[in-house]
Engineer: 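Just dropping this structure here.
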Amino acid sequence: MNIARLTLFLLPAALAQATVVSISTTSLPNGTVGQHYSAAVKAIHGCTPYRWWISGTLPSGLVASPSPATTYDLVHGTPATVGSSTFSVTVKGCGGHISSRWYTVSIAPAQTAHSVSLKWQPSATAVSYDLYRSTLSGGPYGLVASAILGTSFVDQAVTAGETYFYVATAWDGTKESSFSNQVIAVVP
């Protein structure tokens, strides 16, 4: 008589749990229009190769690409529009286990460098010019630049949404003239 023996192996709970794939990335950073974006959604446990997919809509200009070893899904590109996008990233391990996580990524407007270009009429006796600025019409004015040799200047130390009031003075080599007429500049 043949008696078949059946051997049953039980895996400890910790070992069984390790085969379940999970996403370890809890959040993704926000981005800015026109600036390169790159963030990895990482998976742990389970067995590779992993299979990745996105549900919902990534911010405009971004795509998702799995890494060569499939251990992470890279969300990357150059954001094209301002707004907020909510999407789900899902990973499936080779053992069939699935894990998903929702993310919200907000894209901010591009930071625009602002400047004010100023030009004035030359004074017949001037050797150089000084430029003054205020945020109040009529001053008080603070010195922006001194000993300007030409009749133009670009003020790059301005803030978006601010209104500035400019005056200039001329130096004849020994004394400074009174303030010129005030010029107003509104920075968008």
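Each residue takes its place number in the sequence, starting with 1.
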Engineer: Indicate yes or no: at least one non-hydrogen side-chain atom of Tyr37 is less than 4.5 angstrom from one of Val105.
Structural biologist: yes
Engineer: Does the separation of the ring centres of Tyr132 and Tyr166 fall below 6.0 angstrom?
Structural biologist: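 Distance test on ring centres: not under 6.0 Å, no.
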Engineer: Roughly how far apart are Ser84 OG and Asn30 CG, rounded to 0.5 Å?
Structural biologist: 7.5 Å
Engineer: What heavy-atom pair brings Leu131 and Ala168 nearest, and what distance separates the two atoms?
Structural biologist: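 That would be CD1-CB, 4.3 Å.
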Engineer: Is a donor from one side chain sitting under 3.5 angstrom from an acceptor on the other, for Thr48 and Thr70?
Structural biologist: no
Engineer: Would you say Ser115 and Gln156 are linked by a side-chain donor-acceptor pair, where the criterion is simply a distance under 3.5 Å?
Structural biologist: no
Engineer: Does the side chain of His114 come under 3.5 Å of the side chain of Thr159 through a donor N or O and an acceptor N or O?
Structural biologist: no
Engineer: Answer whether the closest heavy-atom distance between the side chains of Tyr129 and Pro122 falls below 4.5 Å.
Structural biologist: yes
Engineer: Return all side-chain donor-acceptor pairs below 3.5 angstrom for residues 134-151, not counting sequence neighbours, or 'none' if the list is empty.
Structural biologist:
unit_1 : atom_1 : unit_2 : atom_2 : d
Ser134 : OG     : Leu136 : N      : 2.9
Ser134 : OG     : Leu136 : O      : 3.0
Ser134 : OG     : Pro140 : O      : 3.0
Ser137 : OG     : Gln182 : NE2    : 3.0
Tyr141 : OH     : Gln182 : OE1    : 2.5

Engineer: Indicate yes or no: at least one non-hydrogen side-chain atom of His97 is less than 4.5 angstrom from one of Val91.
Structural biologist: no
Engineer: For Val41 versus Trp52, what's the shortest heavy-atom pair and its separation?
Structural biologist: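 In this case the closest contact between Val41 and Trp52 is O-CH2, 3.4 Å.
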Engineer: With a 3.5 Å cut-off and no angle check, do the side chains of Ser100 and Thr90 form a donor-acceptor pair?
Structural biologist: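 A pair is found: one side chain offers a donor N or O, the other an acceptor, under 3.5 Å apart.
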Engineer: Distance check, rounded to the nearest 0.5 Å: Ser22 atom OG versus His45 atom NE2?
Structural biologist: 5.0 Å
Engineer: Minimum heavy-atom separation for Ser65 to Asp73, with atom names?
Structural biologist: C-OD1, 3.0 Å
Engineer: Tell me, do Val183 and Phe165 make a side-chain contact under 4.5 Å, heavy atoms counted?
Structural biologist: no
Engineer: Side chains of Ser128 and Asp130: any donor to acceptor distance under 3.5 Å?
Structural biologist: no
Engineer: Say you draw a straight line from OG of Ser88 to CD1 of Ile23; how long is it, rounded to the nearest 0.5 Å?
Structural biologist: 7.0 Å
Engineer: Check whether any side-chain heavy atom of Tyr164 lies under 4.5 Å from a side-chain heavy atom of Ile184, and answer yes or no.
Structural biologist: no
Engineer: Any heavy-atom pair between the side chains of Ser38 and Val75 that's under 4.5 Å?
Structural biologist: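 No - every pair of side-chain heavy atoms lies 4.5 Å or more apart.
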Engineer: In this structure, would Tyr72 and Val89 fall into the same cluster of hydrophobic residues linked by side-chain contacts under 4.5 Å?
Structural biologist: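 No, because Tyr72 and Val89 fall into different hydrophobic clusters, even though each may have its own neighbours under 4.5 Å.
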Engineer: Does the ring centre of Trp102 sit less than 6.0 Å away from the ring centre of Phe87?
Structural biologist: no
Engineer: So how far is it from Leu118 CG to Phe153 CZ, rounded to the nearest 0.5 Å?
Structural biologist: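 Answer rounded to 0.5 Å: 8.0 Å.
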Engineer: Do Trp120 and Val158 land in one hydrophobic cluster if side-chain heavy atoms of ILVMFWY residues count as linked below 4.5 Å?
Structural biologist: yes
Engineer: How long is the span from the CD1 atom in Ile98 to the CZ atom in Arg51, to the nearest 0.5 Å?
Structural biologist: 8.0 Å
Engineer: Rounded at 0.5 Å granularity, tell me how far OG in Ser106 sits from CG in Leu28.
Structural biologist: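 Here the interatomic distance stands at 11.5 Å.
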Engineer: Does any part of the side chain of Thr81, heavy atoms only, come nearer than 4.5 Å to the side chain of Val33, both counted from C-beta?
Structural biologist: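 Val33 does not reach Thr81 side chain to side chain.
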Engineer: Is the shortest side-chain heavy-atom distance between Thr25 and Arg101 below 4.5 Å?
Structural biologist: no
Engineer: Give a yes or no answer on whether the side chain of Ser60 reaches the backbone of Ala80 with a donor-acceptor pair at less than 3.5 Å.
Structural biologist: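 No, Ser60 side chain to Ala80 backbone: no donor-acceptor pair under 3.5 Å.
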Engineer: Run the side-chain contact (heavy atoms from CB on, under 4.5 Å) check on Thr169 and Phe179 step by step: do they pass?
Structural biologist: CA-CA 5 Å; Thr169 59; Phe179 289 141; 3.6 Å; yes
Engineer: Test of understanding: clusters of I, L, V, M, F, W, Y form through side-chain heavy atoms closer than 4.5 Å, transitively. Do Ile54 and Ile107 belong to the same one?
Structural biologist: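 Yes; Ile107 is reachable from Ile54 via cluster members.
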